[in-house]
Amino acid sequence: MKKWLVILLSLELLIAILLGQSSVVCRADFERALTAQFRNPTPENQMELERQRQINVLYRWRLSAVTFGQMAGVTLLGLYIIHRRRALARAGE
């Protein structure tokens with residue numbers, strides 16, 4: 001049971017990372033920094049654009065973490081219910 005749980009949670013983590021990192025984060029601050037850098041390429045605009053890119057990366061990692069938390073929570077709850085039902089069925093015999 002523990003082996004399957006580890007395998008299942010590992011797959012869920014992989015899926016959550018893939019979904020989170022492949023997502024597109026559209027933020028007005030990033031769009032403004034990108035437009036400013038495109039219209040007027042200065043070191044200040046480049047620094048602001050890089051800062052906004054780093055914020056987007058953090059948002060994607062947060063999305064991955066939340067997705068994994070939800071998937072793992074559902075999995076653990078389901079396994080707990082299955083385990084309880086089996087234990088009750090054994091006790092009833």
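Being a predicted model, the structure only gives us computed values, none of them experimental.
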Working for side-chain contact (heavy atoms from CB on, under 4.5 Å), residues Ile17 and Trp61: CA-CA 8 Å; Ile17 289 172; Trp61 278 111; 4.2 Å; yes

Step-by-step side-chain contact (heavy atoms from CB on, under 4.5 Å) determination, Leu14 to Ser10: CA-CA 6 Å; Leu14 178 66; Ser10 299; over 6 Å; no

Inter-residue atom distance Phe30.CZ - Glu48.CD, 0.5 Å rounding: 11.0 Å

pair Thr35-Arg39: side-chain heavy atoms closer than 4.5 Å: yes

Side-chain heavy atoms of Arg62 within contact of Tyr59, under 4.5 Å: yes

Set of side chain to side chain donor-acceptor pair (under 3.5 Å) partners for Glu31, sequence neighbours left out: none

Spacing of CG belonging to Leu11 relative to CD1 belonging to Ile15, to within rounding of 0.5 Å: 6.0 Å

Within-4.5 Å side-chain heavy-atom neighbours: Ser23 and Leu19: no

Under 3.5 Å, sequence neighbours excluded: what are the donor-acceptor pairs made by side chains of residues 63-77?
from, atom 1, to, atom 2, distance (Å)
Ser64, OG, Ala16, O, 3.3
Ser64, OG, Arg60, O, 3.2
Thr67, OG1, Leu63, O, 2.8
Thr75, OG1, Glu12, OE1, 3.3
Thr75, OG1, Glu12, OE2, 2.3
Thr75, OG1, Met71, O, 2.9

Closest contact, heavy atoms only, Asn56 versus Val25: OD1-CG1, 3.7 Å

Worked verdict on Leu58 versus Gln54 for side-chain contact (heavy atoms from CB on, under 4.5 Å): CA-CA 6 Å; Leu58 289 175; Gln54 290 173 356; 5.8 Å; no

Where Asn45 and Asn40 come nearest, the two heavy atoms and their spacing: ND2-O, 2.6 Å

Set of salt bridge (Lys or Arg N to Asp or Glu O under 4.0 Å) partners for Arg32, sequence neighbours left out: Asp29

Trace of the side-chain hydrogen bond (donor to acceptor under 3.5 Å, both in side chains) decision for Glu50 with Gln46: CA-CA 6 Å; Glu50 286 303 316; Gln46 180 64 33; 3.3 Å; yes

